[in-house]
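Below: one structure, written as structure tokens.
Worth knowing before you read on, the calculation uses all heavy atoms, side chains too, and leaves out hydrogens, waters and symmetry mates.
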Amino acid sequence: MNVKKNVKKIVALGAAALITATTFAGALAADLSNYPAPFVENGAFNGAIVVGAMAKTQDVIGAIDIGASLQAEAKTPVSTTGTSTATVSVEGGILLEDTTSQDFNFPDGLVKTLDKYDFPTLLADGELEDDDGTTYDYDQEIRIANATLTYSKPTRDFDEPVLNLVIPSNLLNFTVSFDTDVNVTALDNSESFEMFGRGFTFKNIGATDNVILYASDLTQTVTMGEPLIVEIDGKSYTIEILGANSDTETVHISVNGETRSVVEGNTRTIGGIEVYVQEVFISNIAGESASAKLFIGSEEYDLGKVSDSPNSLYVNSNVVDGVEVYLTNATGALSQIDFVIDATDIVNEALDEDYDFLELGDSFVDPVFGFKLMFVEMVPGFTEGRDKLAFVSDDELTTTFTNVNGDTFSFEVYAYNSTSADLEWAEDFVNESATLAKNNIVIVEEASTSSKPVSIVYKFTGATNTTETQEATFQNLATSKEITVKSGGTLGKSSAVVNVTDRNVASITNVFSEVNTESGARVQFAAPLNATGGTANTDRAVITVQEDDAGVFQSEFDSTAFTMNVTIGTDSDNNDELLISAPLTASVFVGASNDGNKIWYGINDFGTYAVQDGDDDQYLDLYMPFGEADFNVYLAPPNAVKVVSAAAATGDAYVVNPAGLGVGILDIDAPALGSKPMIVVGGPAVNTVAAELMGNPTWEQMTETFETGKAMIKFYSAENAVLVAGWDAIETQAACNVLVNYKMYDLTGDEMEVIVTSLDNIKVNPVN
């Protein structure tokens, strides 16, 4: 049950000091015209938003809206030279690694144990004390089973394959281990402890009883004569203690007029909500008085008997699918509690099927503690930020690649000879030292001995051979720039030597039948052969692609270059076409065809993404990453936030600086005024920090300051704080909306008056 922590004690305000005026001196921001300073400085959120523990829902909503607007302001501009790529992270979550404690790559498995060093608060060591004073220290950990990556068309009706994280049966294991075996029958005084960020209390049990725990989002002590108002799932409940019986440790509780008697250590449904009585206090001093410590909206967790595990988990008498509880025992005492989560037995309500896998972008939430396994991102994406190598065929094979300088070349490598019915080198392609005719194409390398050789494809455009001049001209196929080489000289910065032998004729040495791509892949074009490896009646050729051949970009991948072989063949039905047979086998790529088998998609261990014509075998695109592709999977607690930094064009890119946890705090937990900038939401009747800002006014003074239909936004420079408050919650929310949309209003000076007819009808005036 979702219990809103919105509580209000119905009590009269006591006498207090007069409202004091505050002078503006030494403030970080001169007045409201500088908002959002001082709460956002240098692109980072710098402060806190304070809400009263007794505040109404509208105050909380207003505070949330202010926090969201300030988060949008907490950004730092960065210079860009092109379109940036959006990235995804999970603030508050843990980025998971593979079984070797390295980045999660394809097709690694996730086997990970998380403890207090990963989540210092949620998985902190704890202590349980029974009513005899015996203490039991315990530690906590979460284990993730071997979830593996694949690229396939899973059980759903997918038109194309998708990246998915295959979920094992026992995906998550939440473990609490006690250093000393716990005698659970001695826990008969409502002992409490923390498990994975949630508070639990033991129910009194006998030796043969099930282990029962109570969990609640809200714990309050209610005193007779002082009703308590809570809001649960948007509905208001008034809770009262009407009396108590010391002989039976029973308290009489009324919820919205419905009354029940509840024995200490038990739970009852009263007025539509679960109420668990942890302790009953009765006093006869100065008149009869009674109070009780209550878990409001409490849930009952039945873990089963210590001797019978594994057990099903029941919450409020309803079985929780996909959860087994193991109560490890020694001679009847409890030494360990395990909650084992089988996601494959839990229905993904959004898809109406079990969690057998997580598609990229999906999350699984455990049904006990609310931790999320989130498959958020592939880095880089399928095509963005990658090195594309493309092959296209008809009667010739065209190769397109980009070199390490970022220049993109397209040229023909192989062709079909209709006269001899052979597969041969393309007419103009020269793959070795040879004599060049006009329009011949050659591949040369600059910096060929370095780890990043530069491949350049040139077309020979002609030569001059006179007594005075012997020189050849070449055109760079990527830039269209021409370069002139004197006979006996080298072509550009390469080692290719050019000699002019006649008009439009030259010889060249040190040319290549391979290229090096931007990502460090070496693409080698082999000579055409026949089925037996001979050079007569050739009908095939093999292109070898060695990813990251020089090991420049790789991080964790095997030191040996990963090799893919692309076979070029002829079409027996249509012999003037060449066929591209890609290495799309299980030993190299994992993938599948789309519906109709028109296109084949695959991913290999390095993370290269392949798209092949599955119908006519006429094209193959390889998108190679600069180093292994990483796959980001997070384990995150319930309050974690997924952060997406949007892609931006040149000059419009920003780094979003997450505000993190602790932005919003209750007044009872707030630091001293002046210690940090604060936005205080709600008036002095519901927010003690607001009361302190205003000099702890009396009720009469408050009625003089606030009136129906109006609110204030006031800057207290000495305390570096802004007060946002109205007579009622609706006025406070309206003032919060003004602060959220501050650019729409001319905020100035130290105070603004907000006139509220409705949330859609707001007028703002300065206060002189």
Side-chain angles (χ1 to χ4, degrees), residues 1-14 51-61 189-192 198-204 212-284 286-301 315-317 666-669 682-683 685-688 728-729:
M1 181 177 292
N2 183 19
V3 180
K4 305 285 187 183
K5 295 184 179 178
N6 181 23
V7 183
K8 180 178 179 181
K9 285 276 185 72
I10 304 176
V11 293
L13 292 172
V51 180
M54 297 187 296
K56 289 188 176 181
T57 303
Q58 290 95 327
D59 290 17
V60 177
I61 293 173
N189 195 27
S190 301
E191 286 80 1
S192 298
R198 295 194 65 185
F200 291 88
T201 296
F202 281 92
K203 179 183 179 181
N204 305 340
I212 304 293
L213 302 175
Y214 288 102
S216 176
D217 290 333
L218 183 62
T219 302
Q220 287 287 317
T221 298
V222 184
T223 301
M224 189 168 65
E226 295 185 11
L228 182 77
I229 297 176
V230 298
E231 290 188 9
I232 302 174
D233 298 331
K235 185 176 180 181
S236 179
Y237 297 87
T238 300
I239 302 171
E240 298 181 79
I241 301 298
L242 303 180
N245 188 324
S246 60
D247 295 332
T248 60
E249 294 184 327
T250 300
V251 63
H252 309 298
I253 303 172
S254 171
V255 178
N256 286 355
E258 181 180 334
T259 303
R260 292 285 185 272
S261 296
V262 187
V263 177
E264 182 179 277
N266 285 269
T267 187
R268 292 289 298 271
T269 301
I270 312 173
I273 60 171
E274 298 289 325
V275 179
Y276 170 67
V277 178
Q278 185 181 33
E279 291 183 87
V280 176
F281 309 98
I282 300 174
S283 174
N284 293 317
E288 184 175 337
S289 175
S291 60
K293 187 174 183 181
L294 306 179
F295 285 0
I296 303 165
S298 60
E299 296 175 311
E300 181 185 87
Y301 283 65
V315 176
N316 294 337
S317 301
L666 295 176
D667 55 349
I668 57 176
D669 299 320
V686 294
N687 191 320
T688 57
D728 208 347

Exercise. Establish, from distance only, whether the side-chain atoms of Asn245 and Thr250 form a donor-acceptor pair under 3.5 Å.
Key: no
Exercise. Quick one: closest heavy-atom pair of Ala292 and Val251, and the distance?
Key: CB-CG2, 4.1 Å
Quiz item: Roughly how far, to the nearest 0.5 Å, is NZ of Lys56 from CD1 of Ile229?
Solution: 8.0 Å
Quiz prompt | Distance-minimising heavy-atom pair for Ser261 and His252 | solution = OG-ND1, 2.7 Å
Quiz item: Can you tell if the side chain of Ile241 reaches within under 4.5 Å of the side chain of Ile253, non-hydrogen atoms only?
Solution: yes
Self-check item: Heavy-atom closest contact (Gln278 atom, Glu264 atom, distance)
Solution: O-CG, 3.4 Å
Self-check item: Nearest heavy atoms of Ser289 and Thr223, plus distance in Å
Solution: OG-CG2, 4.5 Å
Quiz item: Rounded to the nearest 0.5 Å, how far does OG1 of Thr238 lie from CG of Asn256?
Solution: 5.5 Å
Self-check item: Candidate pair Ile296 and Leu228, rule side chain to side chain contact (heavy atoms under 4.5 Å, CB included), full reasoning
Solution: CA-CA 11 Å; Ile296 303 165; Leu228 182 77; 3.7 Å; yes
Quiz item: Closest approach of Phe281 and Glu279, non-hydrogen atoms and distance?
Solution: CZ-CB, 3.8 Å
Quiz item: Atom CG of Asp59 and atom CE of Met54: how far apart are they, to the nearest 0.5 Å?
Solution: 11.5 Å
Exercise. Decide if the gap between the ring center of Phe295 and the ring center of Tyr214 is smaller than 6.0 angstrom.
Key: no
Practice problem: Rounded to the nearest 0.5 Å, what's the gap from CD on Glu258 to OG1 on Thr269? Could you check? | Solution: 9.0 Å
Quiz prompt | Spatial distance of atom CD (Gln58) from atom CG (Asp728) [nearest 0.5 Å] | solution = 7.5 Å
Quiz item: Do Leu294 and Ile239 come close enough that some side-chain heavy atom pair is under 4.5 Å?
Solution: yes
Quiz prompt | Straight-line distance of Glu240 CD to Glu226 CD, nearest 0.5 Å | solution = 11.5 Å
Exercise. Measure across Arg268 and Val262 and return the closest heavy-atom pair with its distance rounded to 0.1 Å.
Key: CG-CG2, 3.5 Å
Self-check item: Side-chain heavy atoms of Phe202 within contact of Leu213, under 4.5 Å
Solution: yes
